[in-house]
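What follows is a short report on a single structure.
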Amino acid sequence: MKPIPRPAEPGEFLPENYFRRLSLSELFTREAPLEVDLGSGDGSFALAMARQFPDRNFLAVERLLGRVRKTCKRATEARLPNLRVLRLEARYTVEWLLPHASVSRLHLLFPDPWPKVRHHRRRLINAEFLGALSKVLVPAGDFLFKTDHEDYFEWATDKLSLSKYFQSIAWDDQCGELSQYPQTDFEAQWLAEGRSVHKLRARNVST
Ligand SMILES: C[S@@+](CC[C@H](N)C(=O)[O-])C[C@H]1O[C@@H](n2cnc3c(N)ncnc32)[C@H](O)[C@@H]1O
């Protein structure tokens with residue numbers, strides 16, 4: 001018997017077909033720069049960004065249904081048609097689903113650091129991921145990464161410096177739009193606990 005598909009939450013994006021790359025027009029009817037929040041949790045960051053930049057489209061990607069539902073509910077209540085939520089695995093989304101040259105900025109904020117050495121291979125950032133990411137980002141698109149985990153930060157810095165597709169650039173939060181970069185839920189929690197936050201920004205230089 002064929003499984004009955006789960007109905008989409010309001011504001012949720014349920015792909016018709018998970019085995020082919022999407023086109024931008026399936027995601028949003030309106031053409032606008034697209035930003036992706038990968039591992040969006042309860043969605044506070046994506047909601048704040050969608051509110052701050054109504055002229056951009058935002059896709060929040062999260063694998064836990066409860067968090068997806070919460071984000072959809074908050075986006076609907078806040079009347080934010082420029083935010084959609086996709087319940088899917090992060091690596092799969094970047095490697096197989098997002099259209100090539102479609103994303104102007106991808107935010108990866110406080111992903112699981114997989115601290116044990118035997119689990120390092122589960123870390124999202126690696127050479128394959130960066131290769132796939134360079135294809136979905138537009139030329140000169142940005143990858144923005146934050147973590148409270150020093151070892152994961154060094155790991156990410158290392159992988160980016162080895163990648164021919166990215167060039168590290170300054171995360172300038174004194175002026176410009178990064179000065180209003182919203183805090184995420186986990187960031188607020190870590191900062192309240194006195195932990196430091198490490199951040200990096202890299203530009204897609206692939207052609
Ligand atoms: C530590 S939380 C950070 C959430 C949010 N970015 C923040 O900073 O508040 C990591 C989030 O990523 C989600 N996540 C972890 N691995 C994932 C994966 N492989 N694909 C999609 N989401 C994932 C988790 O369910 C969780 O909501």
Side-chain angles (χ1 to χ4, degrees), residues 6 8-9 11-15 18-19 21-22 27 34-53 58-75 78 80 83-98 103 105-116 118-133 136 142-153 155-156 159 171 173 178 180-202:
R6 177 176 61 82
E9 302 291 320
E12 182 181 1
F13 174 68
L14 265 185
Y18 286 84
F19 301 101
R21 217 166 267 287
L22 299 168
L27 274 170
L34 174 65
E35 303 204 12
V36 173
D37 179 15
L38 212 51
S40 51
D42 288 343
S44 301
F45 172 82
L47 283 149
M49 289 292 277
R51 240 181 245 121
Q52 202 177 318
F53 299 106
F58 292 88
L59 180 68
V61 181
E62 169 58 51
R63 70 177 170 192
L64 294 184
L65 183 56
R67 294 181 178 178
V68 166
R69 287 196 165 131
K70 190 165 177 186
T71 309
C72 289
K73 187 165 176 277
R74 293 169 80 190
L80 291 171
L83 170 61
R84 298 198 77 186
V85 190
L86 170 66
R87 183 187 178 206
L88 201 60
E89 206 278 319
R91 185 183 303 280
Y92 186 87
T93 304
V94 172
E95 289 189 1
W96 299 106
L97 221 67
L98 290 174
V103 177
R105 300 204 298 179
L106 184 132
H107 312 266
L108 178 64
L109 305 169
F110 303 92
D112 296 344
W114 296 108
K116 291 185 181 150
R118 70 173 188 280
H119 292 155
H120 281 183
R121 64 198 160 81
R122 298 185 191 170
R123 286 178 169 173
L124 186 57
I125 299 177
N126 60 25
E128 292 73 38
F129 173 77
L130 293 176
L133 177 58
V136 302
D142 276 2
F143 171 49
L144 294 118
F145 169 71
K146 280 189 182 186
T147 181
D148 62 303
H149 197 270
E150 199 168 340
D151 182 65
Y152 195 14
F153 179 69
W155 162 287
K159 302 290 176 226
W171 185 306
D173 42 21
L178 287 179
Q180 288 165 47
Y181 201 74
Q183 241 181 36
T184 77
D185 291 323
F186 274 77
E187 183 169 19
Q189 196 179 314
W190 299 153
L191 290 172
E193 288 175 17
R195 301 198 210 183
S196 327
V197 166
H198 310 277
K199 47 198 168 188
L200 64 79
R201 181 179 176 204

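Counting starts at 1 for both ligands and their atoms, following the listed order.
Side-chain atoms of Leu38 and Leu124, non-hydrogen and from C-beta on, do get closer than 4.5 Å to each other. Between Val85 and Val61 there is no side-chain heavy-atom pair separated by less than 4.5 Å. Between Asn126 and Arg91, some side-chain heavy-atom pair lies under the 4.5 Å cut-off.
Within 6.0 Å of the NZ atom in Lys199, the count of heavy atoms belonging to other residues, nucleotides or ligands exceeds 12.
Closest heavy-atom contact between Val197 and Glu187: CG1-OE2, 4.0 Å.
The residues lining ligand 1, counting any heavy atom closer than 4.0 Å, are Gly39, Gly41, Glu62, Arg63, Leu64, Arg67, Leu88, Glu89, Ala90, Leu109, Phe110, Asp112, Thr184, Asp185, Phe186.
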All N/O donor-acceptor pairs, side-chain side in residues 105-116, below 3.5 Å, sequence neighbours left out:
residue : atom : partner : partner atom : Å
Arg105  : NE   : Glu35   : OE1          : 3.1
Arg105  : NE   : Glu35   : OE2          : 3.2
Arg105  : NH1  : Glu177  : OE2          : 2.9
Arg105  : NH2  : Glu35   : OE1          : 3.4
Arg105  : NH2  : Glu177  : OE2          : 3.0
His107  : ND1  : Tyr181  : OH           : 2.6
His107  : NE2  : Glu35   : OE1          : 2.7

